[in-house]
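First comes the structure, then the notes that go with it.
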4 protein chains.
Amino acid sequence: MAPIKKLKVGCAGLGRMGQRHANNFLNNTSRGTKIAWAKESLEPYGVTLYMDYDEMLNHEGLEAVVLATVTAVHAEQAIKAIASDKHVLSEKPPSTSDEISQQVVDAATKKPHLKVMCGFSRRFDASYGDAKAKIDAGVIGKPIIFHGQTGDKRDPSGFFVQYAKFSGGIFFDCTIHDIDLALWFFGEDNVVKSIYATGVTAIEPGLRQHNDCDNAVGIMEFYSGQIAYFYVTRMMAAGQEDQTFIAGTDGKLTVNQDPAINLVQIHDNSGIRRQIPQNYFERFSEAFTCEANQLTAAVLDDLPTPLNPQGAVHAVKIARALQESMNTGQKIMYDEYEQRIN
Amino acid sequence: MAPIKKLKVGCAGLGRMGQRHANNFLNNTSRGTKIAWAKESLEPYGVTLYMDYDEMLNHEGLEAVVLATVTAVHAEQAIKAIASDKHVLSEKPPSTSDEISQQVVDAATKKPHLKVMCGFSRRFDASYGDAKAKIDAGVIGKPIIFHGQTGDKRDPSGFFVQYAKFSGGIFFDCTIHDIDLALWFFGEDNVVKSIYATGVTAIEPGLRQHNDCDNAVGIMEFYSGQIAYFYVTRMMAAGQEDQTFIAGTDGKLTVNQDPAINLVQIHDNSGIRRQIPQNYFERFSEAFTCEANQLTAAVLDDLPTPLNPQGAVHAVKIARALQESMNTGQKIMYDEYEQRIN
Amino acid sequence: MAPIKKLKVGCAGLGRMGQRHANNFLNNTSRGTKIAWAKESLEPYGVTLYMDYDEMLNHEGLEAVVLATVTAVHAEQAIKAIASDKHVLSEKPPSTSDEISQQVVDAATKKPHLKVMCGFSRRFDASYGDAKAKIDAGVIGKPIIFHGQTGDKRDPSGFFVQYAKFSGGIFFDCTIHDIDLALWFFGEDNVVKSIYATGVTAIEPGLRQHNDCDNAVGIMEFYSGQIAYFYVTRMMAAGQEDQTFIAGTDGKLTVNQDPAINLVQIHDNSGIRRQIPQNYFERFSEAFTCEANQLTAAVLDDLPTPLNPQGAVHAVKIARALQESMNTGQKIMYDEYEQRIN
Amino acid sequence: MAPIKKLKVGCAGLGRMGQRHANNFLNNTSRGTKIAWAKESLEPYGVTLYMDYDEMLNHEGLEAVVLATVTAVHAEQAIKAIASDKHVLSEKPPSTSDEISQQVVDAATKKPHLKVMCGFSRRFDASYGDAKAKIDAGVIGKPIIFHGQTGDKRDPSGFFVQYAKFSGGIFFDCTIHDIDLALWFFGEDNVVKSIYATGVTAIEPGLRQHNDCDNAVGIMEFYSGQIAYFYVTRMMAAGQEDQTFIAGTDGKLTVNQDPAINLVQIHDNSGIRRQIPQNYFERFSEAFTCEANQLTAAVLDDLPTPLNPQGAVHAVKIARALQESMNTGQKIMYDEYEQRIN
């Protein structure tokens, strides 16, 4: 009998994404609670808890790490992990700086035996995967227009204002997924020609102190004659509304045009309604599992890394430009080598 | 200049359907109010009001009548109208007796220059018309199974109990439309093999005194190897839910699978919802207009009557059997000439 | 008996919109054919045909005119009609110049007894009307983001290239409806802060000679802290896809999220599908009827004109700026009096 | 460190459901292929293969068995497993005989420490679970009418004719899930008053030699004043169409009203469409996983068995009566103790 191969993974961070990555446990708690949670939910199953990232890296036999910490430390932790020869799954974005993001990629490039990946979870969602396959199969001809909406449910607790201190802003925190999808669907070699964005703070004026907005739209032109445009919001009343369409010369695909938490519809005196996912994780829980499984398979069977880390640097650069344009009101332009002109 | 041809029509009845037929005025009022309404809404536009049906028939130049009176007098009024050489549009059903219904058809048959039609309004609905065209074009192969649901919005006023005194029961009042559709889609020459129904009074126990139910289901087999089955209810919370499907050997069509009053969807903290028509008339208002227009055109341009009146007799016979089976619990069987066996 | 009041209307233009306005006749034909059509379809019903606009204006007893001619002559014809004391329903836009559009309004202002209206037909669509009523009732709180998509079915005949010679461009021809809706939903006094647009020619390169595109996106900011953004396309494969959403602080409304020509769904081996309207007229035929009825009622009963003509001038100004920005790549900015800054 | 508890399971049968139960491997193959598949896919992971059921039961340390064999041997195998003190998950139905099904329950009753369960997988589907929770929470008032449709994709290979030899017929093979749902939603103590069914062979005449049909409808009345009615078909063109509604005194719930394989919609010149699951397993794959997990948890943590096995006997009794009624044309009646009257 061949033993079932298993991967030994370290998980840095026990916040929102960390707990999810650790075991799909859905919660958002203070530090004390996080550790209590981990002692109760992870230790009994043989998981070792570390209060220090470097110590975790030295765990006997550790092969890979998941970085679910705050964005600000992703890059440093990734570089350390690569240095100590660990595979890396980092939550997005790798950094809010494209230079620092590039350093992670450079470090990874020097160790081609390592699988280093930024967690663009939508790539592992069955519906986005189907859309990509249909585009590649020519179902819509040449894709021309991409529209991506990431819509978080309105959270009156003030969480988003706190979060904006570290997140890099709404285009980094949310739209980066749409940017990645646009690059994926249009072709990852596409060269950006211009970027423009604008935004408002309709419900959380406190965001302005962090140069952020709660509703924003942006447009990105490519030299290839393709356009991606985005809407990002923290103001959805019904729940998580992440909707995408791709219009091509011969057809159009939509993803999640009609959000629904399940297959139930309720007929009552308010009409006919369906409930929808309340957050990103309810919408993408299967994608997170798939992401973990694909990275594990890539490591254990030495398959190609599912995502090219260079793409994450590109997405970071675009997100930064959108955020900048939103704050300055200026359109940002690039030459045909995607060097910034203005 | 050729004058625009117009049809002079008499409308018998000023109740629910009568007011609608008269001018799409949506209301359900007592007699006094009806007359007041007509004095206000019709007389100023040159309409003459009669308190007596026979006098109305004698109106100078009258060419056609619409019968929107209670079911019990439809047949007698139709026969009188035919006798005085008027075209007839009668609300369904012509009668709750198939013998009496047949008398109307026999009277009409003797005057082939008259257009005599029972108002199966769904035949004039664009969606049912499209479904019929697709079936005739072979889109679903041979149609095998028909399911028709007529669902009225729950009305706590007790109206439906009062109405049941005269309506002949729920299969006559509602399902007769589904019966007509089944015959239309399957072929009007089809021979019924058996009929079975059962029902309950879940919300209006008073219906039992009139041998009626508020929820009922029925099954009709044809010798052709086709089956129609029905659900009829007075218990819908959201509004009017009239839904139909036809499953064929190569495909399936649904009509009104997802009811909606218009193209608006509302996203709020209860989810995503749409409102739906509140009654039969909101659902079928265009069909009523189309019905009136088609009959008018048939009269003015001497085109064939849009519906064969013999079909209405067949539908009445089936509705009566469903109602009987619901009350006796017995399956009713027919021989290959559709003569009743038991 | 009071006579039924009727309005005597002149219709200028027998092109696409003219034929529709004349009698919902759906066609797009050459001039010769247009006249033949009118001789066959209109003259027999007492309609007088004129080859000259001024002669038509002199028609005995004429009270109102409908302008369904090419955009370039709308303004001149409107001004002439007003001068000869006729009510006016002009197809949109009144002109591609805001100055000339303003002249029409100025002429109308001097004759307040006349009903002068630009045909923003969506205002008469039941679903947009319901959305407006819900916004006014506070269902979504304060509206913040408006997204309007006007999507024409791809037409390989080259028609759109020909049409671009005169139409003023895609933002004039199509998005002007979305602009009008945004102003309607947000408040017609809102002051525009900036406008930006970009576009491509994915399927009709010939459009570039007329400074036009076949796919374009645009963003409009208001000083009120609201944003409208637009997608306009000639590339839809399935048919007419005009979709709108309005996101507010407490909810969101969509209009035509799931286009459908009727209530039929087809289940076959390609999945489950619905067909959709093939053109603007199939989508909005009822709105055109409603528009005609409302203007007629406004004239006959001396009610307020359904739409303020000044709003049309505003929409023209915005459409022109979007078209300009699309061609120059420059963001256009306005001060708080909506005077252009750059 | 506490070891992670694991359950040692034997799986009887390597057919359609067996392979799925074993590892969600989707295939339907001949015996030789089955064994080859198991040697390749299971043995390397430490699974022992047995050609004999009794030998498997004697496997060292075995704690539970999954019965995915043909229906005819489910009961015998379950009884043997119980006798040798194993927990049992049996595919439905336990038997086509209610007496034999009862023997399994009686055997299980004598060993209350064993978890013995019939695999009504829909009970573990998130949407049906949500519907059940909403009904229990009173969202629709008292449930009155249940409609269940199980629709298999048309399979021109003749598989269904072969399968009918052993399956007990279409009501056993398919509708038994709907029966179980009706009992679950209405209350498992409900007493059946009558059963009636009819069917046709529209596409597979060969089914008649096994007393089976390819399309059938049935009605079941309860003494509680509730009605369940069913449509079952092997004729769906688009894929698996299992649709359910439950109408209550205050509202209605639908499950899978609009089937879809994922969140993608395709806009092309045929309209707007979505693809749907192609078979029962694509629709319910997560439910199978959930079912396995819940039984495992019940065993390892000694929780109550998720389903009462007596319910399966009731469902078998009802399926048998529907199948009988379909073949005899007779309505079957029961007294208030659910003893058969005719």
Side-chain angles (χ1 to χ4, degrees), chain A residues 139-147 149 151 154 193-205 213-222 224-238 241 243 245 247-254 257-259 325-326 329-331 333, chain C residues 139-147 149 151 154 193-205 213-238 241 243 245 247-254 257-259 325 329-331 333:
Chain A
V139 166
I140 62 166
K142 182 186 174 187
I144 301 296
I145 306 289
F146 171 97
H147 182 252
Q149 170 185 312
R154 185 170 176 175
K193 186 176 176 185
S194 75
I195 280 170
Y196 172 73
T198 189
V200 294
T201 48
I203 49 173
E204 289 286 8
C213 292
D214 49 33
N215 281 271
V217 295
I219 299 176
M220 165 166 56
E221 278 182 292
F222 292 94
S224 55
Q226 294 164 308
I227 294 172
Y229 72 118
F230 309 106
Y231 172 39
V232 60
T233 178
R234 307 285 196 191
M235 194 179 70
M236 294 293 97
E241 299 198 15
Q243 301 179 323
F245 76 73
T249 49
D250 298 327
K252 178 177 154 185
L253 297 173
T254 63
Q257 180 88 341
D258 299 299
S325 177
M326 179 181 80
Q330 301 299 310
K331 180 182 179 184
M333 303 193 66
Chain C
V139 167
I140 62 167
K142 181 186 174 187
I144 301 297
I145 305 288
F146 170 96
H147 182 254
Q149 169 185 313
R154 184 169 176 175
K193 186 176 177 186
S194 75
I195 281 170
Y196 172 72
T198 189
V200 294
T201 49
I203 49 174
E204 289 285 8
C213 293
D214 48 34
N215 282 270
V217 295
I219 298 176
M220 165 167 55
E221 279 181 293
F222 293 94
Y223 276 102
S224 55
Q226 294 165 307
I227 294 173
Y229 72 117
F230 308 106
Y231 171 40
V232 59
T233 176
R234 306 287 196 190
M235 194 179 69
M236 295 292 97
E241 298 198 15
Q243 300 179 323
F245 75 74
T249 49
D250 298 326
K252 178 176 154 185
L253 297 173
T254 63
Q257 180 89 340
D258 299 298
S325 176
Q330 300 299 309
K331 180 184 180 184
M333 303 193 65

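So you know, we letter chains A, B, ... as the sequences are listed, proteins then strands, and number each from 1.
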Query - Student check: side-chain heavy atoms of F245(C) and Q149(A) closer than 4.5 Å - result: yes
Query raised in the report: Where does A238(C) contact chain A at under 4.5 Å (heavy atoms): side chain, backbone, both or neither?
Result: neither
Query raised in the report: Relative to chain A, which of I203(C), D250(C), D258(C) shows the most heavy atom pairs under 4.5 Å?
Result: D258(C)
Query raised in the report: When heavy-atom pairs shorter than 4.5 Å are enumerated against chain C, which of N215(A), T233(A), I145(A), T201(A) gives the highest number?
Result: I145(A)
**Report entry** Residue among A216(A), G251(A), A202(A) with most heavy-atom pairs under 4.5 Å to chain C
**Finding:** A202(A)
Report summary line: Assert top hit (heavy-atom pairs under 4.5 Å, partner chain C, pool D214(A), I219(A), T254(A)) equals I219(A)
Query - Ring centroid separation F146(C) to F222(C) under 6.0 Å - result: no
Query raised in the report: Is the shortest heavy-atom distance from the side chain of Q243(C) to the side chain of Y231(C) under 4.5 Å?
Result: no
Query - Pairs of heavy atoms under 4.5 Å with chain C: top-ranked of M236(A), M333(A), K331(A) - result: K331(A)
Query - E221(A): which of V217(C), T198(C), V200(C) passes side chain to side chain contact (heavy atoms under 4.5 Å, CB included) - result: T198(C)
Query - Non-hydrogen side-chain atoms of K252(A) and E241(C) separated by less than 4.5 Å - result: yes
